[in-house]
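Report on the structure given below.
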Amino acid sequence: TEAPNKKQWSLQDFEIGKPLGKGKFGRVYLAREAKSKYIVALKVIFKEQIEKYKIQHQLKREMEIQTSLRHPNILRLYGWFHDSERIFLILEFAHGGELYGELRKRGFLPENKAATYIMSLAQALAYCHEKHVIHRDIKPENLLLDHEGRLKIADFGWSVQSRSKRLTMCGTLDYLAPEMVENKAHDYAVDNWTLGILCYEFLYGVPPFEAESQSDTFRRIMKVDLSFPSTPCVSTEAKDLILRLLVKDSSKRLSLQKITEHPWIIKNADPTE
Ligand SMILES: Nc1ncnc(NCCc2cnc(NC(=O)Nc3cccc(C(F)(F)F)c3)s2)c1Br
């Protein structure tokens with residue numbers, strides 16, 4: 001008999017539930033595998049969309065990368081299948097939904113939650129970097145929460161192409177590091193920059209370089225035009241961590257290891273995470 005994860009899945013194997021969300025390339029549904037009753041999230045991607053944007057290789061790369069990653073803070077991709085016009089990704093279901101929703105609902109996060117999320121991200125990214133995977137696409141929409149509120153990094157343009165995807169997809173520039181915005185060769189440190197952006201956004205509710213137009217955001221990123229509003233009140237240690245991450249020279253950004261050892265993280269992150 002075949003190992004379970006080598007099974008050829010098909011739509012008939014699943015009972016489809018409510019829609020969980022819709023992405024650029026298709027919707028996500030709650031689903032249950034009929035025999036095992038196992039709950040999953042099923043992402044439906046239309047082939048003609050993939051062909052239109054010529055990102056087949058990117059999806060292929062995502063599958064390769066994803067099946068090799070196992071980490072408590074990375075959403076699992078259990079497998080995939082396709083029919084004549086769609087590709088289906090069989091994903092771990094994150095019961096808590098998108099972290100984005102929590103941030104929008106609360107406006108901004110308490111320091112212990114923000115620190116716990118940043119620590120989980122630093123640990124997951126350190127794991128990815130050990131596996132020579134740079135994420136490049138970390139933003140609140142791609143961060144999900146499981147039933148215990150544990151952070152899961154999801155969605156994958158995990159490849160060099162993801163930069164072209166982002167720039168051609170005219171996604172938000174808010175999370176792009178200077179070297180990416182300048183379309184320069186970049187390395188692992190882009191994810192460290194993004195952790196600085198996210199830490200700021202978790203604590204203030206908006207990304208640090210938000211501006212009316214993309215060109216203004218571009219200018220603010222290139223200048224590292226960073227300022228801290230007087231409200232909400234944020235600790236000096238949190239601002240210290242943000243200032244050590246939002247550094248233009250990528251070689252001078254705090255390392256992932258050093259992030260997990262930063263006083264603000266030690267003091268505020270939930271150690272059981
Ligand atoms: N509560 C929830 N529980 C679990 N999941 C949820 N949402 C799905 C999160 C995702 C995880 N992985 C993804 N991957 C892709 O979308 N890949 C993708 C799609 C199109 C094109 C391409 C490419 F061609 F550009 F690469 C790559 S979406 C939710 Br809401």
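The structure presented is a predicted model; accordingly, all values stated were derived computationally and were not measured. In what follows, residues are counted from 1 in the order of the sequence shown. For ligands, and for the atoms within them, numbers begin at 1 and follow the listed sequence.
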Give the atoms of ligand 1, by number and element, whose distance to some non-hydrogen atom of Phe25 is under 4.0 Å.
20 (C), 21 (C)
Using 30° and 60° as the class boundaries, would you call the ring planes of Phe209 and Trp193 parallel, tilted or perpendicular?
parallel
Does ligand 1 have an atom that lies less than 4.0 angstrom from a heavy atom of Ala94?
yes
Parallel, tilted or perpendicular: ring planes of Tyr53 versus Phe25, cut at 30 and 60 degrees:
perpendicular
I need the contact type for Leu91 against ligand 1. Using non-hydrogen atoms and a strict under-4.0 Å cut-off, is it side chain, backbone, both or neither?
side chain
Using a heavy-atom cut-off of under 4.0 Å, does the side chain or the backbone of Leu144 touch ligand 1, or both, or neither?
side chain
Between ligand 1 and Glu92, can you find any atom pair, the residue atom being a heavy atom, that is separated by under 4.0 Å?
yes
Residue Ala41 vicinity, atoms of ligand 1 by number, heavy atom under 4.0 Å:
3 (N), 4 (C), 5 (N)
Looking at Glu141 and Lys139, does any basic side-chain N land under 4.0 Å from a carboxylate oxygen?
no
With only distance considered, is Lys43 within less than 3.5 Å of ligand 1 through an N or O on each side?
yes
Which of the atoms in ligand 1, numbered in the order shown and given with their element, are less than 4.0 Å from a heavy-atom of Leu89?
14 (N), 15 (C), 17 (N)
Can you tell whether the side chains of Lys105 and Glu102 come within less than 4.0 Å, N to carboxylate O?
no
Ligand 1 atoms nearer than 4.0 angstrom to some heavy atom of Ile50 are 21 (C), 24 (F)
Using 30° and 60° as the class boundaries, would you call the ring planes of Trp9 and Phe14 parallel, tilted or perpendicular?
tilted
With Trp80, which of Ile45, Leu42, Leu89 fulfils side-chain contact (heavy atoms from CB on, under 4.5 Å)?
Leu89
Within 45 degrees of the ring normal and closer than 6.0 Å to the centroid, is that where the cationic atom of Arg104 sits relative to Tyr100?
yes
Output yes when Lys47 and Glu51 qualify as a salt bridge under the 4.0 Å nitrogen-oxygen rule, no when they do not.
no
So, regarding Glu62 and ligand 1 (criterion: nitrogen or oxygen to nitrogen or oxygen, under 3.5 Å), is there a contact or not?
yes
Quick one: which of Val28, Asn142, Leu20, Ile39 has a heavy atom closest to atom 7 (N) of ligand 1?
Val28
